[in-house]
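Just below is one structure, and these are the notes that go with it.
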Number of protein chains: 4
Amino acid sequence: MKKNKPKYRQIIDAAVIVIAENGYHQAQVSKIAKQAGVADGTIYLYFRNKEDILISLFQEKMGNFIEIIEGKIAGKTTAVEKLLMLVESHLEWVAEDQHLAIVTQLELRQSNKELRQKINGVLKGYLKLIDKIVIEGIETKEFRSDLNVRLARQMIFGTIDETVTTWVMRDTKFNLLELAEPMHRMLVNGCGYQTTNN
Amino acid sequence: MKKNKPKYRQIIDAAVIVIAENGYHQAQVSKIAKQAGVADGTIYLYFRNKEDILISLFQEKMGNFIEIIEGKIAGKTTAVEKLLMLVESHLEWVAEDQHLAIVTQLELRQSNKELRQKINGVLKGYLKLIDKIVIEGIETKEFRSDLNVRLARQMIFGTIDETVTTWVMRDTKFNLLELAEPMHRMLVNGCGYQTTNN
Amino acid sequence: MKKNKPKYRQIIDAAVIVIAENGYHQAQVSKIAKQAGVADGTIYLYFRNKEDILISLFQEKMGNFIEIIEGKIAGKTTAVEKLLMLVESHLEWVAEDQHLAIVTQLELRQSNKELRQKINGVLKGYLKLIDKIVIEGIETKEFRSDLNVRLARQMIFGTIDETVTTWVMRDTKFNLLELAEPMHRMLVNGCGYQTTNN
Amino acid sequence: MKKNKPKYRQIIDAAVIVIAENGYHQAQVSKIAKQAGVADGTIYLYFRNKEDILISLFQEKMGNFIEIIEGKIAGKTTAVEKLLMLVESHLEWVAEDQHLAIVTQLELRQSNKELRQKINGVLKGYLKLIDKIVIEGIETKEFRSDLNVRLARQMIFGTIDETVTTWVMRDTKFNLLELAEPMHRMLVNGCGYQTTNN
DNA sequence: AATGAATGAGTATTCATTCAT
DNA sequence: TATGAATGAATACTCATTCAT
């Protein structure tokens, strides 16, 4: 199993750094190899081609992230709490590894359609996680019974993603985690009952 | 003023078609020229370079869209009504011209960081429009007084954008406009007061 | 028609020189372009790819040679005379342009199977020419009636080809044309009646 | 002596199979090693480099073939009979081991000039054998006294080689051995006296 | 003797842009 | 204005060979 050999992770981590620092289109295989401390050809002992590095990168990192969140959420009892945990974890994840954030939020989105579709495949796991929380919230009556699940998920993911992307692109970084609580309140309100204060 | 000459729009419209049909990375200048019915070199009498075509495309189309929305919103009295108008207009705009939707939602996002930043510059006008509605809503007490304006805008834009992107990528197209009302309710709720039904 | 433009022939002639002097595997496109006095990219305005250069080269040169021989043969009345003309012309053709001889006899034979098959397609025209002479010789009773046409053609072509290849590979070049007459006598004898002097 | 160790032949036989089935340019050392059931590095304990495998292959197989023919010829008294034996043996050899025929007739000829010259060195032994028969034929007056020995050898070898190559390339295989007799008659005629039936 | 992971040199092709006409 | 032939920089991937074990 190639994935368990140290050079597999070594190359993926090198790719994250090279892409974050040089941009997607300037991340040549030779640069990644150099950063990883291996020969160009060694890359191809662990990955089929360049695209395979990028997909594997996304799978490893995002997949890992989804697992962590699933674990954290399991400990929470209400959908509202679970949603807070998801928002906090997501923002924390982004703030912790800015190289990775740049790669997933900005650079990897420049890839061609084929690669983006494979990336979307990985993302689906995350979106299903959100769906589960929304559905649970409806069942427990924390959320409106007439809530459109897909729309709610698009609100939750869209809000987080837009916020994170804006933050990653900013030059001056503020504390992203502080946004978790107000963002969570907005999203829960969005899924809740009353419309205005009238 | 080059922008008023017929070939200027001719080339931009050709670019929309070529990018929508071939994808961003297969939209060569020569293809756009052919579609526009001009010689390759002629492109450079109207645009500085390829990037300039794409930015101009976005400016023309998005700028036009913003103007239309501004007009429509002016006729509404409350922030809630204005937000509904914005959501409806946005979804309508996307549903009306699918070529353009593909280009702005999917293809143009594959461009490099530099181009994307310029595109974001154009988008700022739209985001400011949203900000104005949110601020007005707070002032009229339609929205919470402690609402984080930037966060609210990111929710509104993020939700619309994520929804539209998902819709554009789908093979089977449902009626996008039907989502305006429930999406609007979610967003207004998100900006409003009460959290849950407890 | 690209084939009539001067650069088309210019590139083919450059390819002959570069391949003859550097060998098939050291004949990079950039070298051919430099020899032709054009930019690398210009090659691709006239040829689909590198293989297309080589096929076109063979078609142009060999096709041209076949036409010339056909013309010369038309003036001869007997199959025996026609065969002499063919042998003489072939040897003359090889001796005249040694660069081309190296390319067709040695270098182009190193190409991959796909290219060789296309080259064989061009060669078929030449082999059919030989067949026609053999058949005519049989009909005029210059040759044996029980002569196997394909075998006779293989003897004629094989003998010429083996002789020419040996000559091209030799460092010291003797007068190739002097071999025409004795080679012709051998071939005519081979197609004729008596076996030995017993 | 490496040549007597079992793995030496094992690797050569593997090379014949791999080249015949994959073609010269797809016959990587690693494939040959796998087919031979040894590690890549082991190849280099028995051969200096890849070229050395191919030369050794040709030497072993062709050398073996020459020895066999020499034995068979020794039992014949006239040059004409010896030539028949040579032609028959050659065609039989090709028809018997089609893998080997593909390798020697088609694939090995794609090698570079340097390797082909070394192969020609091995072939010299066979060509000398032909020369001996021709010279004997002249001395015994079976053949013309003014016969050019080199030319006669080129006819004999060229005819057989061209015939065999054509046969190997054909998809539908006919009985090659049936060509021995008519081919022999043609060649003997070619070396003989009379030109035509006049 | 045997292994096999690691090495790293080498090249065809595309396409945005120019400029002589 | 308009043309379009010509330019030339830039990069992923293969595979023969090595050498530490």
Side-chain angles (χ1 to χ4, degrees), chain A residues 2 5-8 10-11 25-34 36-54, chain B residues 2 5-7 11 25-34 36-54, chain C residues 2 5-8 11 25-34 36-54, chain D residues 2 5-8 11 25-34 36-54:
Chain A
K2 302 252 175 192
K5 300 205 179 169
K7 287 196 177 160
Y8 178 82
Q10 206 171 313
I11 291 165
H25 290 293
Q26 280 306 305
Q28 295 88 349
V29 171
S30 59
K31 242 179 220 164
I32 295 173
K34 197 172 184 183
V38 300
D40 291 18
T42 305
I43 299 269
Y44 293 88
L45 296 176
Y46 295 90
F47 300 91
R48 273 188 302 282
N49 49 39
K50 187 180 176 179
E51 192 183 69
D52 190 30
I53 306 176
L54 306 178
Chain B
K2 303 250 175 187
K5 304 217 174 164
K7 285 194 179 165
I11 292 167
H25 291 291
Q26 280 307 306
Q28 293 89 350
V29 171
S30 60
K31 243 181 218 162
I32 296 172
K34 197 174 185 183
V38 300
D40 292 17
T42 305
I43 298 270
Y44 291 87
L45 298 174
Y46 295 90
F47 300 90
R48 275 190 301 282
N49 49 39
K50 186 181 179 180
E51 192 181 74
D52 191 28
I53 307 175
L54 305 177
Chain C
K2 303 252 174 190
K5 301 206 178 169
K7 287 195 178 161
Y8 178 83
I11 291 166
H25 290 292
Q26 280 305 305
Q28 293 89 349
V29 171
S30 60
K31 243 181 217 162
I32 295 172
K34 198 172 183 181
V38 300
D40 292 17
T42 305
I43 299 270
Y44 293 87
L45 296 176
Y46 295 89
F47 301 91
R48 273 189 301 283
N49 48 40
K50 187 178 178 181
E51 191 182 72
D52 190 30
I53 306 176
L54 305 177
Chain D
K2 303 253 175 186
K5 304 217 174 163
K7 285 192 180 166
Y8 177 81
I11 291 166
H25 290 292
Q26 281 306 307
Q28 293 88 350
V29 171
S30 60
K31 245 181 216 161
I32 296 172
K34 198 173 182 182
V38 300
D40 292 16
T42 305
I43 298 270
Y44 292 86
L45 298 175
Y46 295 88
F47 300 91
R48 273 189 303 282
N49 48 38
K50 187 181 179 180
E51 193 180 72
D52 190 30
I53 307 175
L54 305 177

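First the proteins, then the strands, lettered A, B, ... as listed; each starts at 1. Side chains included, hydrogens not; waters and symmetry mates left out as well; all remaining heavy atoms used.
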Between A:Y46 and E:dA5, is there a side-chain N or O to OP1/OP2 distance below 4.0 Å?
no
Once you round it to whole Å, what is the distance between [atom2] of [N] and [atom1] of [X]?
X     : N      : atom1 : atom2 : value
A:K34 : F:dT11 : NZ    : P     : 14 Å
A:I32 : F:dC13 : CD1   : P     : 11 Å
B:D52 : E:dA16 : CG    : P     : 14 Å
C:L54 : E:dA12 : CG    : P     : 10 Å
B:I43 : E:dT18 : CD1   : C1'   : 14 Å
A:Q10 : E:dA5  : CD    : P     : 16 Å
C:I53 : E:dT13 : CD1   : C1'   : 11 Å
A:K31 : E:dG8  : NZ    : P     : 19 Å

Nearest 0.5 Å please: distance from the [atom1] atom of [X] over to the [atom2] atom of [Y].
X     : Y     : atom1 : atom2 : value
C:F47 : C:Y8  : CZ    : OH    : 5.0 Å
B:L45 : B:I11 : CG    : CD1   : 8.0 Å
A:I43 : A:I53 : CD1   : CD1   : 4.5 Å

Options E:dA6, E:dT7, F:dA2, nucleotide nearest the side-chain atoms of A:K7:
E:dA6
List the residues meeting side chain to side chain contact (heavy atoms under 4.5 Å, CB included) with C:Y44, not counting sequence neighbours, and say none if there are none.
C:V29
Tell me every residue that passes side chain to side chain contact (heavy atoms under 4.5 Å, CB included) with A:Q28, counting only those two or more places apart in sequence or in another chain.
A:Q26, A:S30, A:K31
Nucleotide-level pairing of DNA chain F, given in dot-bracket where Watson-Crick and G-U pairs need both distances under 3.5 Å and | marks other strands
.||||||||||||||||||||
Residue pairs involving residues 38-50 of chain C (criterion salt bridge (Lys or Arg N to Asp or Glu O under 4.0 Å); sequence neighbours excluded):
C:R48-C:D52
Sequence neighbours excluded, which residues qualify as ring pair (Phe, Tyr, Trp, His ring centres under 6.0 Å) partners of A:Y46?
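Here no residue qualifies.
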Every protein N/O within reach of nucleotides 14-16 of chain F N/O, cut-off under 3.5 Å:
{"from": "F:dC15", "atom 1": "OP1", "to": "D:Q28", "atom 2": "NE2", "distance (Å)": "2.8"}
{"from": "F:dC15", "atom 1": "OP2", "to": "D:Q28", "atom 2": "NE2", "distance (Å)": "3.3"}
{"from": "F:dA16", "atom 1": "OP1", "to": "D:K50", "atom 2": "NZ", "distance (Å)": "2.9"}
{"from": "F:dA16", "atom 1": "OP2", "to": "D:V29", "atom 2": "N", "distance (Å)": "2.8"}

